[in-house]
Amino acid sequence: MRKTADCRDLPSETNCTLTISGEEEEVVSAASEHAVSVHGHTDSLDLRKMVRDSLKDVIPEHA
């Protein structure tokens with residue numbers, strides 16, 4: 001099942017609106033890289049766990 005990470009679901013000083021969707025590992029990787037490069041976080045197991053815990057299932061439009 002596809003997953004999504006949405007910056008609007010997490011506190012942000014920049015009011016970031018980026019949404020990333022895809023397979024779970026792709027989203028965790030991309031969202032972690034975004035958190036580091038845009039929001040100044042340090043890449044760590046804790047960051048990746050926070051990202052993974054915030055993922056939501058993508059419900060197909062045709063469902």
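Proximity of R2 to E23: side-chain heavy atoms (C-beta onward) are separated by under 4.5 Å at one or more points. Counting heavy atoms from C-beta outward, S29 and E33 have side chains that approach closer than 4.5 Å. Side-chain contact between S21 and V58 is present, with heavy atoms from C-beta onward closer than 4.5 Å. Here the side chains of H34 and C16 are in contact, with some heavy-atom distance below 4.5 Å.
Here CE of M1 is found 12.5 Å from OG1 of T4. Values are rounded to the nearest 0.5 Å. Rounding to the nearest 0.5 Å places OG1 of T17 at 9.0 Å from CG of N15.
In terms of the side chain to side chain donor-acceptor pair (under 3.5 Å) criterion, D46 has no residue partners (sequence neighbours excluded).
Applying the 4.5 Å side-chain rule to ILVMFWY residues, one finds L18, I20, V28, V36, L47, M50, V51, L55 in the same cluster as V27.
With respect to the salt-bridge test (charged N to carboxylate O, under 4.0 angstrom), the residues E24 and R52 qualify.
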Evaluate the side chain to side chain contact (heavy atoms under 4.5 Å, CB included) criterion for residues H39 and L10: first the C-alpha distance (whole Å), next the side-chain angles of each, then the deciding distance (0.1 Å), finally the verdict. CA-CA 11 Å; H39 298 290; L10 301 169; over 6 Å; no
